[in-house]
Amino acid sequence: MEIRRIIDSISRKWWLCVVFAVLFGGMGWFFHIFLSSPTYNADTTLYVLNRDRVTAGESLSYSDITMGKEFLKQYSGIFYSRSVAAEAARKLDQYSLSAGTISSMANLSINEDSGLLKIRVTAYDAIMAASVANVMGEVFSSKVKEITNSDFIGILDKAQVSNTPIPDNGIIKMILWIVAGEVFSLGIIYLLEYFNTTIRSVEDIENNIGVRVIGIIPEHDLR
């Protein structure tokens, strides 16, 4: 189909683009206002250092810092183990969360330069997010201490209940809905034009019938 014909069809059916843009924009606004729930983050920060030397009044050496970084790489995988999630679920029985649900809510990030770990939990309930983050921190540090028989890890900052939900980019979502409406309307216009058999030009006759047009008789009003 010729581009010129498609553009002409769009110019004649521009109102379809407006209708579907408004319709899809309204749907996006409805989903954003009534069907989307705010989500909250909660962060628990843990430290990694040789507490035995600190408790004894000794200063940390470069080897202690290097050992802490290696410790992060070796034992951070314990955080995602089933045993940690199951123990956290048992302690959080008031929320009726499964171990799999807790694992999907929590994420562990490592800052090797500072030797700190951050447990971030995302949930629809701010209080639950903070509770899960703190319990995961306690269970994780306890499990590491149990496995390594050392006191290398502990909680530096407990998670606080956030009063501010995560930005949900509502404006961007609305724009995407409107763009989807425009694309849908253009698809409808294209299909209508594709199945339209109306002859509008000499080119249509020659392309569809396969004969040359010798001349055109203009329309006259003889009255």
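What's counted below: heavy atoms across the whole structure, side chains too, no hydrogens, waters or symmetry copies.
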Query raised in the report: Is the shortest heavy-atom distance from the side chain of F79 to the side chain of I119 under 4.5 Å?
Result: yes
Requested in this report: Decide yes or no for S109 and L117: does some side-chain heavy atom of the first lie under 4.5 Å from some side-chain heavy atom of the second?
Outcome: no
Query raised in the report: Picking from F31, F20, F184, what satisfies ring pair (Phe, Tyr, Trp, His ring centres under 6.0 Å) with W177?
Result: F31
Query raised in the report: If you round to the nearest 0.5 Å, how far is NZ of K13 from OG of S185?
Result: 12.0 Å
Report task. Report the residue from T45, D43, T44 that forms a side-chain contact (heavy atoms from CB on, under 4.5 Å) with R120. Result -> D43
Query raised in the report: Is it true that L46 and I147 fall in one hydrophobic cluster, defined by side-chain heavy atoms closer than 4.5 Å?
Result: yes
Report task. Say whether, by atom type as modelled, one donor and one acceptor occur between the side chain of D125 and the main chain of M128 under 3.5 angstrom. Result -> yes
Query - Shortest non-hydrogen contact between T164 and Y40, atoms and distance - result: O-CD2, 3.7 Å
Query raised in the report: Linking I/L/V/M/F/W/Y whenever their side-chain heavy atoms sit closer than 4.5 Å, directly or via other members, would V179 and I188 fall into one cluster?
Result: no
Query raised in the report: More than 12 non-hydrogen atoms from neighbouring residues, nucleotides or ligands closer than 6.0 Å to NZ on K158, yes or no?
Result: no
**Report entry** Heavy atoms from other residues, nucleotides or ligands near OH of Y80 exceed 12 (cutoff 6.0 Å)
**Finding:** yes
Requested in this report: Work out which heavy atom in G28 is nearest to a heavy atom in M174; give both atom names and the distance.
Outcome: C-SD, 3.7 Å
Query raised in the report: Is any side-chain heavy atom of F24 closer than 4.5 Å to a side-chain heavy atom of W29?
Result: no
Report task. Check L92, V84, L108, N107 against M136 for a side-chain contact (heavy atoms from CB on, under 4.5 Å) and give me the one that passes. Result -> V84
Report summary line: K145 and I153 have their tightest heavy-atom pair at CE-O, 2.8 Å
Requested in this report: Looking only at non-hydrogen atoms, find the nearest pair between L97 and A89 and report the distance.
Outcome: O-CB, 3.4 Å
**Report entry** Intermediate values then yes/no, salt bridge (Lys or Arg N to Asp or Glu O under 4.0 Å), E138 and K143
**Finding:** CA-CA 9 Å; E138 294 171 2; K143 184 67 66 175; over 6 Å; no
**Report entry** I178 reachable from V22 in the ILVMFWY side-chain graph, under 4.5 Å edges
**Finding:** no
Query raised in the report: How are the rings of Y194 and Y190 set relative to one another: parallel (under 30°), tilted (30 to 60°) or perpendicular (over 60°)?
Result: parallel
Query raised in the report: How far apart are the closest heavy atoms of A99 and A85, and which atoms are they?
Result: O-CB, 3.5 Å
Query raised in the report: Under 3.5 Å, is there a donor-acceptor pair linking the side chains of S98 and T101?
Result: yes
Query raised in the report: Do other residues, nucleotides or ligands put more than 12 heavy atoms under 6.0 Å from the CG atom of D93?
Result: yes
Query raised in the report: Salt bridge or not for E193 and R12, using N-O below 4.0 Å?
Result: yes
Query raised in the report: Would you say the side-chain atoms of S81 and S83 include a donor-acceptor pair closer than 3.5 Å?
Result: yes
Query - Closest non-hydrogen atom pair between N134 and I155, with its separation - result: O-CD1, 4.4 Å
Requested in this report: First locate atom NE2 of H32, then atom CG of N169, and finally report the distance between them rounded to the nearest 0.5 Å.
Outcome: 9.5 Å
Query raised in the report: Can I166 be reached from I33 by stepping across I, L, V, M, F, W or Y side chains whose heavy atoms are under 4.5 Å apart?
Result: no
Query raised in the report: More than 12 non-hydrogen atoms from neighbouring residues, nucleotides or ligands closer than 6.0 Å to CD1 on I171, yes or no?
Result: no
Query raised in the report: Do you reckon L176 sits in the same ILVMFWY cluster as L23, going by side-chain contacts under 4.5 Å, direct or chained?
Result: no
Requested in this report: Determine whether M105 and T122 make a side-chain contact, defined as any pair of heavy atoms from C-beta on separated by less than 4.5 Å.
Outcome: no
Requested in this report: Carefully, step by step, assess C17 and L186 under the rule side chain to side chain contact (heavy atoms under 4.5 Å, CB included).
Outcome: CA-CA 7 Å; C17 297; L186 292 177; 4.2 Å; yes
